[in-house]
Amino acid sequence: MKMERIREHIQSVIDWVLNDWIWKVISALVAMLIFFSVRETVSHTYMVPVAIEPEIQGNMAVEAIEPATVNVTFRGAAVDIQRLQLAVDKPVISIHPTDTAEGGQDIRLSARNIKGAPNLRVDSIDPPVVNVQMDQQDDVEFPVAEPPVKGRPLRGTVHLDYSPKTVRLRGAQRSLEKMRDSSQMITTEPVDVDGRVQSFKKTVKILSPGGLRLWEISPSEVQVDISIQQQEAERVASNLWVNVVQSKRDDMRYRADPLFVNVKFKGRSDALEALDLAEVRVYAEETERLINGGSGITNRVPLRVMIPVTNSVDSITLDPDSVLLVPVGKQSPFQE
């Protein structure tokens with residue numbers, strides 16, 4: 001009884017399929033055409049140079065790839081294309097040369113070789129074939145150049161220390177010998193110090209020589225200590241007038257002796273350059289005087305220096321650092 005119902009159900013499905021089957025096939029074809037037409041309409045294309053990344057095993061290494069990059073046109077939704085454009089890690093084409101053949105070999109590329117482009121279709125690869133030159137593998141140590149500096153600190157100068165100072169490259173023997181004979185140094189990514197004010201540490205990647213993915217580099221990064229040192233400078237303001245600050249309760253007026261002094265400022269070079277010497281004032285306070293016998297001349301009074309509040313210096317030195325106050329007469333009660 002149960003088998004009979006199953007047969008009846010299968011027969012009903014077959015009858016439904018066969019009933020007006022021509023119209024059903026036409027409807028399916030139209031739906032497929034509409035689907036692919038809409039997908040082509042809403043999809044976007046983006047062409048990007050893609051590097052060739054060889055993967056080999058054994059005692060052989062890739063000496064050269066011609067060309068080292070190919071132009072790949074991707075197709076997909078706008079969001080996926082934008083994600084590809086903004087990606088830090090760009091797509092690569094992985095190839096697997098024959099590791100037993102020394103010399104050249106042609107390798108045809110396909111969409112299956114591309115890594116790092118999810119949700120995107122490959123429209124074209126130009127050129128579709130690359131030539132790979134093979135050689136015996138070797139391992140050589142090379143010195144690492146000091147990482148380049150990008151930008152400028154907000155103030156001060158930049159000094160770098162990095163480790164390690166050497167790395168080992170594994171790759172094609174002939175290429176490594178040429179690099180060693182030319183005393184080539186291995187470079188790194190730049191260190192960005194733009195706008196920095198304090199020292200910091202950073203890890204930067206070793207760059208593959210020639211920008212090609214032909215080498216196994218160990219280690220692949222260096223540690224950099226970036227020291228931002230402030231430049232100490234001096235600036236002298238000569239012959240500044242000494243102003244005497246007096247109490248209104250004392251009707252005797254005084255002048256400084258000497259009348260002029262020199263002021264030396266020390267600090268960061270940028271801060272001293274911003275200092276307007278015309279705004280600097282030197283003061284002696286009459287309230288700190290002590291009469292020296294019957295001469296009326298006071299003891300030596302220390303000096304004070306005032307600079308604009310928007311400026312900053314590390315130290316101020318006066319020459320001389322104190323003055324005598326000499327009475328010059330009494331002030332009229334009608335004078336302020």
Side-chain angles (χ1 to χ4, degrees), residues 48-56 61-70 83-94 115-117 135 137-233 267-273 314:
V48 59
V50 177
I52 307 297
E53 184 177 79
E55 295 182 6
I56 60 172
V62 174
E63 181 179 12
I65 301 176
E66 183 61 36
T69 60
V70 296
R83 188 179 295 116
L84 175 64
Q85 294 171 336
L86 300 177
V88 175
D89 296 325
K90 300 300 182 182
V92 297
I93 296 182
S94 176
K115 299 188 299 184
D135 189 21
Q137 192 178 95
D138 199 0
D139 185 300
V140 178
E141 187 174 65
F142 289 92
V144 178
E146 182 177 288
V149 174
K150 177 183 176 183
R152 296 181 58 186
L154 189 62
R155 56 176 179 264
T157 57
V158 177
H159 299 272
L160 302 182
D161 187 24
Y162 60 99
S163 178
K165 297 291 195 300
T166 62
V167 294
R168 300 198 70 85
L169 265 65
R170 182 183 297 274
Q173 187 177 61
R174 284 190 293 263
S175 298
L176 291 174
E177 288 175 353
K178 292 178 182 178
M179 293 167 58
R180 181 173 54 195
D181 293 342
S182 63
S183 301
Q184 181 166 339
M185 299 188 74
I186 307 303
T187 58
T188 71
E189 292 178 328
V191 176
D192 191 352
V193 300
D194 198 45
R196 293 276 191 163
V197 295
Q198 293 182 333
S199 301
F200 63 102
K201 296 182 178 181
K202 186 175 179 63
T203 300
V204 296
K205 291 182 179 179
I206 300 288
L207 298 179
S208 183
L212 305 176
R213 299 172 178 263
L214 304 180
W215 320 99
E216 180 182 326
I217 305 173
S218 179
S220 60
E221 298 175 331
V222 297
Q223 305 292 325
V224 187
D225 289 332
I226 303 97
S227 174
I228 298 180
Q229 300 178 359
Q230 308 302 326
Q231 290 180 307
E232 290 292 324
R268 302 191 318 269
S269 58
D270 58 314
L272 295 185
E273 289 176 5
D314 293 340

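No hydrogens, no waters, no symmetry mates; every other heavy atom, side chains included, goes into these values.
Judged purely by distance below 3.5 Å, without hydrogens or angles, the side chains of Thr203 and Gln223 pair a donor atom with an acceptor atom. Side-chain atoms of Glu53 and Ser94 include no donor-acceptor pair closer than 3.5 Å.
For Arg180, there are no salt bridge (Lys or Arg N to Asp or Glu O under 4.0 Å) partners two or more places apart in sequence or in a different chain. Scored by the side chain to side chain contact (heavy atoms under 4.5 Å, CB included) test, Pro49 finds Asn71 as partners (sequence neighbours excluded). With sequence neighbours left out, Thr166 forms a side chain to side chain donor-acceptor pair (under 3.5 Å) with Glu141. The side chain to side chain contact (heavy atoms under 4.5 Å, CB included) test applied to Asp314 returns Glu232, not counting sequence neighbours. In terms of the side chain to side chain contact (heavy atoms under 4.5 Å, CB included) criterion, residue partners of Pro54 (sequence neighbours excluded) are, by chain and number, Val62, Ile65, Ile95, Pro97, Leu214. Remark: Glu189 engages Val204, Lys205, Leu207 in a side chain to side chain contact (heavy atoms under 4.5 Å, CB included) (not counting sequence neighbours).
Panel note: side chain Ser182, backbone Met179; a donor-acceptor pair is recorded below 3.5 Å. Panel note: side chain Ser218, backbone Arg168; no donor-acceptor pair is recorded below 3.5 Å. A distance-only check finds a donor-acceptor pair linking the side chain of Asp135 to the backbone of Gln173 [under 3.5 Å].
Around the CG atom of Asp181, the shell of radius 6.0 Å holds more than 12 heavy atoms that belong to other residues, nucleotides or ligands.
At least one cation-pi condition fails for Lys202 and Phe200: the charged atom is not both under 6.0 angstrom from the six-membered ring centre and inside a 45 degree cone around its axis.
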Would you check, one step at a time, whether the test side-chain contact (heavy atoms from CB on, under 4.5 Å) holds for Ile228 with Thr157? CA-CA 5 Å; Ile228 298 180; Thr157 57; over 6 Å; no
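Across all non-hydrogen atoms, the minimal contact from Gln85 to Lys90 is O-NZ, 3.1 Å. In terms of heavy atoms, Ser208 sits closest to Trp215 at OG-CD1, 2.9 Å.
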